[in-house]
Amino acid sequence: SSRVMCAKKVYVEETQDGYVGFSWTHNGINGLTLPCNNPPEALVQLERYTGGKSIGAQMLPPRTGEPAYGLGTALKDYFNGNCPDFGSFPVDYTSISPFRTRVLQVVRDIPHGEVMSYGEVAALAGSPRACRAVGSAMSTNRTLYLVPCHRVIKSDGFLGGFGSGIGWKRMLL
């Protein structure tokens, strides 16, 4: 059945900055956390992102051929100050509206070290007046690092909002 096909898998990787949880389906990555103090905290954060859909998922490292294979290593590299290619990891957009999917795809293409305004993202997503809707889409982004929403700022150069606090946004930039 499709329910079995979409069974969520979860894993927690220890990085230099803490424990990062991530989840995936056969379609791609659908949850990533900021660094947490311990693995249970990372799993709780994933549950908040997924509405409880990963409760009971077995925590095993991704296997060769799975969408998340190599993500743990890439996250370790990222928190060691390197710039891994997160673009090679597919994102699962199946539960996201078409507009939000377009927005996330635009944001996914913002290169490391660059930023884009909410208005620029809206225009590239095909809805030039939808700046606030872009902000709303950013607030529900569950695949941080893969979709670098922290690279979207206000047109006046101010950082704008960030769900986990402006300090995290500043640090990620």
Participant: What heavy-atom pair brings F99 and A133 nearest, and what distance separates the two atoms?
Facilitator: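 Answer, listing the atom of F99 first, then A133: CE2-CB, 3.6 Å.
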Participant: Examine the side chains of T143 and N141 and answer whether a donor and an acceptor come within less than 3.5 Å of each other.
Facilitator: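 Yes, because at least one side-chain N or O of T143 sits under 3.5 Å from a partner of the opposite role on N141.
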Participant: Would a single hydrophobic cluster contain both Y69 and L75, if residues Ile, Leu, Val, Met, Phe, Trp and Tyr are joined by side-chain heavy-atom contacts under 4.5 Å?
Facilitator: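 In one cluster with L75: Y69, no.
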Participant: Starting from V44, can I reach L32 by hopping between I/L/V/M/F/W/Y residues whose side chains sit under 4.5 Å apart?
Facilitator: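 No.
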Participant: Please round to the nearest 0.5 Å and tell me the distance separating atom CZ of R48 and atom CD of Q45.
Facilitator: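 It comes to 4.0 Å.
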Participant: Do the side chains of E14 and V20 get nearer than 4.5 Å, heavy atoms only?
Facilitator: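 No, side chains not in contact.
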Participant: Can you sort out the partners of D156 under side-chain hydrogen bond (donor to acceptor under 3.5 Å, both in side chains), two or more places apart, ordered by chain and number?
Facilitator: none
Participant: When you look at F86 and L71, which way does the side chain to side chain contact (heavy atoms under 4.5 Å, CB included) test go after all the steps?
Facilitator: CA-CA 8 Å; F86 286 121; L71 182 56; 4.0 Å; yes
Participant: Indicate yes or no for a side-chain donor-acceptor contact from S127 to the backbone of R129 under 3.5 Å, with no hydrogens or angles considered.
Facilitator: no
Participant: Donor-acceptor check, side chain of R100 to backbone of M138, threshold 3.5 angstrom: yes or no?
Facilitator: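 Checked: no pair found.
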Participant: Restricting to pairs with a member in residues 66-95, which pass salt bridge (Lys or Arg N to Asp or Glu O under 4.0 Å), not counting sequence neighbours?
Facilitator: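 Qualifying pairs, neighbours excluded: K9-E66, E13-K76.
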Participant: Would you name the heavy atoms of F89 and L146 that are closest together and state the gap between them?
Facilitator: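 Between these two residues, the closest heavy atoms are CB-CD2, 4.0 Å.
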Participant: Carefully, step by step, assess S23 and R142 under the rule side chain to side chain contact (heavy atoms under 4.5 Å, CB included).
Facilitator: CA-CA 10 Å; S23 60; R142 299 299 179 237; over 6 Å; no
Participant: Quick one: ring pair (Phe, Tyr, Trp, His ring centres under 6.0 Å) pairs with a partner in residues 126-153, sequence neighbours left out?
Facilitator: Y78-Y145, F79-Y145
Participant: Suppose we screen for side-chain hydrogen bond (donor to acceptor under 3.5 Å, both in side chains). Which residues come up paired with T101, at least two apart in sequence or across chains?
Facilitator: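 Partners of T101 by the side-chain hydrogen bond (donor to acceptor under 3.5 Å, both in side chains) criterion come out as none, since no residue qualifies.
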Participant: Which pair of heavy atoms, one from A42 and one from Y19, lies closest together, and at what distance?
Facilitator: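 In terms of heavy atoms, the two residues are closest at CB-O, 3.8 Å.
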Participant: Looking at residues at least two apart in the chain, or sitting in another chain, which of them share a side-chain hydrogen bond (donor to acceptor under 3.5 Å, both in side chains) with E41?
Facilitator: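 With neighbours one apart ignored, the set is N37.
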Participant: State, with a plain yes or no, whether a side-chain heavy atom of F22 is found less than 4.5 Å away from one of N30.
Facilitator: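 Counting from C-beta outward, F22 and N30 never come under 4.5 Å.
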Participant: Which residues pass the side chain to side chain contact (heavy atoms under 4.5 Å, CB included) test with P90, sequence neighbours left out?
Facilitator: P67
Participant: Tell me every residue that passes side-chain hydrogen bond (donor to acceptor under 3.5 Å, both in side chains) with T33, counting only those two or more places apart in sequence or in another chain.
Facilitator: none
Participant: Could you tell me the separation between the CG atom of D109 and the CZ atom of R151, rounded to the nearest 0.5 Å?
Facilitator: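 Reported value, rounded in 0.5 Å steps: 10.5 Å.
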Participant: L159: what forms a side chain to side chain contact (heavy atoms under 4.5 Å, CB included) with it, not counting sequence neighbours?
Facilitator: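 Expected list: I153, I166, K169, R170, L173.
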Participant: Take atom OH in Y93; do more than 12 heavy atoms of anything else shown fall under 6.0 Å from it?
Facilitator: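 Correct, the count exceeds 12.
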Participant: Can you tell which of V106, V103, I110 makes a side-chain contact (heavy atoms from CB on, under 4.5 Å) with V152?
Facilitator: I110
Participant: Tell me which donor-acceptor pairs under 3.5 Å the side chains of residues 118-125 have, and how far apart each pair is, sequence neighbours excluded?
Facilitator:
residue: E120; atom: OE1; partner: S117; partner atom: N; Å: 2.7
residue: E120; atom: OE1; partner: S117; partner atom: OG; Å: 3.4

Participant: Which heavy atom of C149 sits nearest to which heavy atom of L144, and what is that distance?
Facilitator: SG-CD1, 3.9 Å
Participant: Apply side chain to side chain contact (heavy atoms under 4.5 Å, CB included) to the pair V91 and L104, showing each step before the final yes or no.
Facilitator: CA-CA 10 Å; V91 174; L104 295 176; 5.9 Å; no
